[in-house]
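Before any comments, here is the structure.
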Amino acid sequence: MPTPAISVAMSVYNGERYLDEAIASVLAQSFSDFEFLIIDDGSQDASTAIIREHAARDARIRPIIRENRGLVASLNQMLNEARAPLVARMDADDICRPDRFEKQVAFLAAHPDYGVVGSWSEDIGEFGEPLSRGGDDHPLTHEEMVRAIENGGQLICHPAAMYRRDIVRSVGGYHAAFRHCEDLDLWLRLSSITRMGNVPERLVRYRRYPGQVSSRHATELQIGTAVARLAWHERRAGRIDPTATLERLPPIDGLDTLFHRPGTSREVRAQVALALRYSEDALRNEGFDLLVNHLRDGGRRDGMWRTVMRLVRFGEPLRALRLAATLSMTALV
């Protein structure tokens with residue numbers, strides 16, 4: 001078989017609700033020279049049947065049906081099995097614009113020094129309804145990307161990314177330790193060996209809804225994000241990255257030891273606590289205790305009384321009382 005120009009990489013786990021529309025948006029691309037790798041990562045719903053139905057109608061689809069191993073393992077498997085020099089990421093709940101691949105292939109052809117290109121995205125809700133965006137769009141040039149890294153800003157929307165396969169493989173692909181923020185860790189590692197940017201067009205419709213991974217695992221995502229940025233600073237300073245060989249990150253209290261720097265655990269806890277003030281999922285789960293420990297450690301109290309009221313709205317009156325009591329006690333210290 002001739003080598004395709006693009007390998008599209010999609011991992012699916014119980015994604016039946018939006019999967020048909022996501023697959024159809026890839027198959028409808030104006031740039032059609034691609035193979036479509038779809039891993040069913042041990043789904044227990046109708047995802048397998050949907051994938052097989054599409055594969056029976058379109059020979060570009062290469063279905064891989066197996067047991068559950070997690071997203072990072074799936075991404076690395078597709079990276080190793082991809083036959084094309086370019087890999088386009090796609091999630092099972094998002095929608096590609098018809099000219100997405102055409103625009104990104106043209107960008108990489110015109111910019112051989114760029115190893116990764118994403119695009120701006122359009123936010124949609126659970127039922128496909130448009131959502132208003134908050135904050136700035138993703139940076140366009142590599143120089144803007146580096147400034148965004150330094151300022152803690154967004155880099156590249158993962159399901160909108162297209163990258164050169166060999167460059168990503170040269171840095172070891174995705175790292176298992178950064179589960180739920182594996183894309184950020186990858187972009188940070190790539191930023192020192194290639195240029196990265198975004199096409200200033202909304203080529204992907206990005207779905208936001210309560211059941212998505214970033215909502216269900218908000219605490220782990222924020223911890224991983226903070227540690228990935230610490231690792232980037234270590235590499236930039238010419239020091240060894242202590243996360244490079246980890247399969248799993250240690251608990252926050254173990255970060256002083258990992259980075260050989262007292263105060264690292266406290267620094268990360270503060271960053272994560274302030275980031276989780278608005279996350280219903282985190283405040284209902286382990287993020288709440290992290291936030292309380294942050295306050296008991298003398299951490300910043302910005303917006304914490306509003307978080308008390310937010311907990312009431314979330315139907316967590318006992319946690320609201322506990323947070324109020326913690327705020328009152330720490331104010332007297």
Side-chain angles (χ1 to χ4, degrees), residues 9 71-72 75-76 78-79 82 85-89 91 103-105 107-121 135-201 203-204 206 214 221-246 249 255 258-259 261 264 267-268 271-272 275:
L71 177 59
V72 173
L75 292 171
N76 284 330
M78 290 186 289
L79 189 61
L86 301 178
V87 174
R89 276 284 294 117
D91 280 346
K103 295 287 180 68
Q104 291 182 308
V105 168
F107 179 94
L108 290 173
H111 300 84
D113 53 337
Y114 274 69
V116 187
V117 63
S119 78
W120 289 349
S121 59
D136 298 330
D137 278 311
H138 293 78
L140 297 181
T141 67
H142 185 70
E143 289 72 23
E144 292 175 3
M145 197 79 65
V146 172
R147 288 195 292 272
I149 293 172
E150 294 170 342
N151 297 325
Q154 298 185 91
L155 302 180
I156 293 174
C157 176
H158 197 196
M162 181 179 288
Y163 48 69
R164 303 186 195 276
R165 180 198 59 199
D166 289 347
I167 287 178
V168 175
R169 293 180 68 180
S170 75
V171 298
Y174 295 87
H175 282 182
F178 291 95
R179 194 171 64 138
H180 306 312
C181 63
E182 64 283 333
D183 53 330
L184 173 64
D185 169 65
L186 178 61
W187 309 148
L188 293 176
R189 285 185 284 121
L190 287 172
S191 66
S192 64
I193 69 165
T194 190
R195 295 173 69 82
M196 305 188 300
N198 282 293
V199 174
E201 297 183 49
L203 301 180
V204 168
Y206 181 81
S214 58
L221 185 153
Q222 290 297 336
I223 293 171
T225 294
V227 175
R229 292 189 184 281
L230 281 174
W232 176 79
H233 282 289
E234 293 297 294
R235 294 190 297 269
R236 195 182 191 204
R239 295 188 289 267
I240 294 175
D241 175 2
T243 73
T245 59
L246 295 181
L249 295 179
L255 293 177
L258 179 65
F259 283 91
R261 189 166 62 248
T264 303
E267 175 188 341
V268 169
Q271 289 181 38
V272 174

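Every heavy atom of this structure was used, including side-chain atoms; hydrogens, water molecules and symmetry mates were not.
Side-chain contact between I156 and V116 is present, with heavy atoms from C-beta onward closer than 4.5 Å. Residues R89 and L75 are in side-chain contact: their nearest non-hydrogen atoms beyond the backbone lie under 4.5 Å apart.
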**Study point:** Criterion side-chain contact (heavy atoms from CB on, under 4.5 Å) on H175 and T243, from CA distance to verdict
**Key:** CA-CA 9 Å; H175 282 182; T243 73; 5.5 Å; no
**Study point:** side-chain contact (heavy atoms from CB on, under 4.5 Å) between F178 and L246, intermediate numbers included
**Key:** CA-CA 9 Å; F178 291 95; L246 295 181; over 6 Å; no
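Side chain of E234 to main chain of W232: no donor-acceptor pair is present (N/O by atom type, distance under 3.5 Å, no hydrogens or angles). With hydrogens and angles ignored, the 3.5 Å screen pairs no side-chain donor or acceptor of Q271 with any backbone N or O of T225. In this structure a side-chain-to-backbone donor-acceptor pair under 3.5 Å is missing from R165 to L79. Remark: the backbone N or O of L155 is paired with a side-chain donor or acceptor of N198 at under 3.5 angstrom. Listed for the R189 side chain is a donor-acceptor partner under 3.5 Å among the backbone atoms of G173.
Heavy atoms of other residues, nucleotides or ligands lying less than 6.0 angstrom from CG of D136 number 12 at most. For I193, the CD1 atom is densely surrounded, since the number of other residues' heavy atoms within 6.0 Å is greater than 12.
Under the salt bridge (Lys or Arg N to Asp or Glu O under 4.0 Å) criterion, D183 pairs with no residue, sequence neighbours left out.
Going from atom CD of E201 over to atom CD of Q104 covers 10.0 Å, rounded to the nearest 0.5 Å. For the atom pair CD of E182 and CG of L71, the computed distance is 4.5 Å after rounding to the nearest 0.5 Å. Separating the OG1 atom in T194 from the OH atom in Y163 is a distance of 13.5 Å, to the nearest 0.5 Å. Note that CG of L249 and CD1 of I223 are 8.5 Å apart. Values are rounded to the nearest 0.5 Å. Once rounded to the nearest 0.5 Å, the distance linking NE2 of H138 with CE of M145 reads 8.5 Å. Interatomic distance, NE2 of H142 versus CG of D113, reported as 9.5 Å (0.5 Å rounding).
Of all heavy-atom pairs between I167 and G115, the closest is CD1-CA, 3.8 Å. Contact record, S119 with V204: OG-N, 4.2 Å, taken as the closest heavy-atom pair. The two atoms that bring C181 and G224 nearest to each other are SG-C, 3.4 Å, heavy atoms only. The two residues R164 and L86 have their closest heavy-atom pair at CG-CD2, 3.9 Å. In this structure, R261 and T264 approach most closely via the heavy-atom pair O-OG1, 2.7 Å. Closest approach of L188 to A228, counting heavy atoms only: CD1-O, 3.5 Å.
Each of R229, R236, R235 was scored for a salt bridge (Lys or Arg N to Asp or Glu O under 4.0 Å) with D241, with one residue passing: R235.
For H158 and Y174, the ring centers are positioned less than 6.0 Å apart.
The aromatic rings of H111 and Y114 stand perpendicular to each other, their planes meeting at an angle above 60°, with 30° marking the opposite boundary.
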